[in-house]
Amino acid sequence: MEIEKVYEPQRFEPHWAQWWVDQKLFHVSVENAAEPGQPYFSLAIPPPNVTGSLHMGHMFEHSIIDAQIRWQRMCGKKTLWLPGTDHAGIATQIMVERKLAEEGLSKFDLGREAFEARVWEWKEQYGGRIVEQMKRAGVSCDWDRERFTLDPGLSRAVREAFVRLYEKGLIYRANYIVNWCPRCQTALSDLEVEHEESQGHLWHIVYPVNGSDTKLVVATTRPETMLGDTAVAINPLDPRAAELHLKSVRLPLTDRDIPIVLDEMAELGFGSGAVKITPAHDPNDFEAGRRHDLPSIQVIDENARMTAAAGKFAGLDRFEARKAIVAELEALGLMEKIEPYKLNAARCHRCRTIVEPLVSKQWWMSMKPLAEPAIKAVEDGRITFVPANWSKTYFEWMYNIRDWCISRQLWWGHRIPAWHCGDCKEVTVARETPSACAKCGSVNLVQETDVLDTWFSSGLWPFSTLGWPDNTLDLQAFYPTSLLVTGFDIIFFWAARMIMFGIEMMGDVPFRQIHIHGLVRDADRQKMSKTKGNVIDPLVINEKFGTDAVRFGLLVSAAPGGDIALSEERIDAEKAFANKIWNASRLLFSKPRDGAGAAVSMADRWIASRFNAAAETANRAFEHHRYHEAADTLYHFWWDEFCDWYLELKKPETDWSYAYVIYEKALRLLHPLMPFITEELWQRLETGGKSIALAAYPQAEACDAQVEREMNLFQGVVTQIRQDRAANKIDRGQSLTAELHAGGEHAVFAALKDGIERMGNVTLTLTDASPFALKLNIPIDRARLEKENEGLEKQIANLDRQLTDEKFLSKAPEKITAGMREKKAGYEAQLAKNRAALGL
RNA sequence: GGGCCCGUAGCUCAGUUGGUUAGAGCGCCUGCUUGACACGCAGGAGGUCACAGAUUCGAGUUCUGUCGGGCCCACCA
């Protein structure tokens, strides 16, 4: 068979990518899927935002998922990877707004309907691009099940979930202080606010006390909010409390008197001991205002400008107002001091604008009742994290969960299914658009203009994509899904909410396992960002090195949860690996394939033993999401063992049929990590199968221990001889491999014997039982093994003592004792092995 | 303030219940244009596993503390 000297992935990858899609190779039909008793593996993709194109983080995540999915599929499960995209409310709206701005337009110029149409156009363009990228990367999704969070079906799910929660009293509407982004013109949830330390000032302002000479000094980081102060608090234990309590202060720059209240929020010893209270512009003060029944005066509006209540500062931007107010206080001699102060600026997660806390009427979701069963699901192991440590982060957040502000004042998203009656002001929440007010029967109804937080619809993703709220065959077949693969940054945003929604709506967890992966960074471990200019574009790097090489490079450096330092060097090494496999194939394909396909020669038996070891490790690694281990193992199996050893030993042999057998299995072993090259080569083998992706994943077979021992010794001895020869300890005219083959079996033994004699610590006996039977004895360090055994016996005795102690057993959880028993079994196995080696 | 993670070869990182001589890729050195592959082959140098204790027959691996670095959460003006 003709085969090119250098592997050029670009020539083959697009073809197979297209073929996999065209053949619907990864489509699972409902009828088949619903087959009872058939184990399944299902996974809903973390839907990429339709804001642009995919980045390396997606490529990494998809490589992990695809490896797992392909492995599961080859292991014989009904396998579904459901693809899709997310409408990504604010993020997408911002992108479209920016584009409009380039045309000199704002969304208001278009109006809501036309604007939404523009976003849909954007979605078609970028959503399509993302899907094309994924298809080209060869991910094994079921493309017939592609979903988008704003699809009619998913929108129906959103309404259903909203109405159910509303009817249960878990969704409510309330006036409360929220994070307001003046640029995005919307409320944000706590999670959408980022805190960033910045250098600011602490201004100490004198508030004159009425009817007293005491000068009360108040410290603040935001002087512009003072115009909205409605009280000053001092600690009840403050020595001045008795004197000042029930007195009032004259709020500077205004003609208002505000009370002095006692509240522990004023920490003794901090600053001047007095705190201004601005219920309209600070979450803390909002609560304090409620405690003391204080009025709330809004002095900053939705555009971050001062309101009419700010008097002569009205209309100024909040930061301009700050300067003006500070200047005026200084002029009045009311600024006692200004000190530098580090503070946490709250910024909008999407646009980086400094958030303004404002009181407004929003829709909220009660989280405590939903969090409780979700905590339990992780506690009792119905959901497990990989790596397990992340469960602590999850618990931490869930225990302290606060109500979720779910309404957004955006135009792009799911309109909240609530209608306001123009006559009686009643709010009607319904699955279907109501024709009349539920209370007064008026037809004067207007739908709520707010949309839902984008994470509301994402939270329903694992079941809304399978047809919920209908009880579809898909849901029966694939829910709960098996696994969620995602980054740590969205555990709260998404994973936690899916768990809560899943348990609430479906009565069961949305997935069994959560694999949290790390970040893809650049070669210097810096985060990739457009501003730093260190972004590696998957399209570019895939074209340069081949998708297989990039996937493999990502996975081989991906310890569970670990970040990846991505360098072209690394990927280049994996490209060389693909080329190595290619060239091994060239050699193999130049040999005749006829023969019985049995492992006859020493080399055959050795590679069979090595293959089993690799298969065992690979299967275990996939099972435990240890992709780097699978990749590392297969890399060394292919390169060091299959190519460097096996093929070299095989060259002078005539019967290559077993080489074809092991080669075909080795391709299957590698397929989940390098789908393209393995498909290409496997197709060339013409096995009669449709695709390697549908072939069985090799499992380790029980190996004759004696054979394995012999083969390992064989390898060890040859290595030793090679090293001795390289060090000129062996004077030999020919190379060892030449001898091994040229002289036949006797030469093999002669070579081994020679090497063994030179090693001086091994004895070799030739037997007549089989032409290739070796009997080797390696002297062992008896003293060391005996000492180790003593220790092992001691440990076993210790464990035994505990495991038979009634008191201990009654207290210790099953988990602990099971672990101890396992440990004991391990020690006993080791002990038995040592004893066997010692001849006991 | 609370929580999590990291510190192993020049660089980037593996090292799953503690167990023979601590590994890989890249880089470096030596020798090879060996009929699959120079994107290759054979060999080599390089590590007090941050530091100090503790547990153990045995610690890179477990525990405590110190130092150094990173991340997340949090309403302290």
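Here A:R402 does not reach the OP1 or OP2 of B:A74: none of its side-chain N or O atoms lies under 4.0 Å away.
A cation-pi contact, defined as under 6.0 Å to the ring centre and within 45° of the axis, links A:R497 to A:W404.
Here the nucleotide nearest the side chain of A:H628, chosen from B:G15, B:A77, B:A74, is B:G15. Each of B:C39, B:C71, B:U16 was ranked by its minimum atom distance to the side chain of A:V6; first place goes to B:C39. Taking the side chain of A:A584 as heavy atoms from C-beta on, and the options B:C37, B:A36, B:G40, the nearest nucleotide is B:A36. Candidate nucleotides B:G25, B:U12, B:C39 were compared by shortest atom distance to the side chain of A:H636, and B:G25 ranks first. Listed nucleotides: B:C37, B:U12, B:A77. Nearest to the side chain of A:E648: B:C37.
Counting to the nearest Å, the P atom of B:G23 and the CG atom of A:D632 are 13 Å from each other. Between the CG atom of A:D572 and the P atom of B:C26 there is a distance of 9 Å, given to the nearest Å. Look at CD1 on A:I401: it is 17 Å from C1' on B:G2, rounded to the nearest Å.
The residue among A:L587 and A:S557 whose nearest nucleotide of RNA chain B is located toward the 5' end is A:S557.
Comparing the P positions of B:U56 and B:C67 gives a spacing of 28 Å, expressed to the nearest Å. For the C1' atoms, the distance from B:G47 to B:G15 is 14 Å, rounded to whole Å.
Shown here is A:E264, whose CD atom has no more than 12 heavy atoms of other residues, nucleotides or ligands within 6.0 Å.
Looking at A:D285, its side chain never comes within 3.5 Å of a backbone N or O of A:H281 through a donor-acceptor pair.
Contacts between residues 276-292 of chain A and RNA chain B, defined by a heavy-atom separation below 4.0 Å, involve A:N284, listed by number.
In summary, the aromatic rings of A:F492 and A:Y394 are positioned with their centroids too far apart to meet the 6.0 Å limit. For A:F577 and A:W638, the ring centers sit 6.0 Å or farther from each other.
Considering A:F637, A:F589, A:W656 in turn, A:F589 is the only one that fulfils the ring pair (Phe, Tyr, Trp, His ring centres under 6.0 Å) rule with A:Y663.
At a cut-off of 3.5 angstrom, counting only N and O atoms as typed in the model, there is a donor on one side and an acceptor on the other between the side-chain of A:K580 and the base of B:C37.
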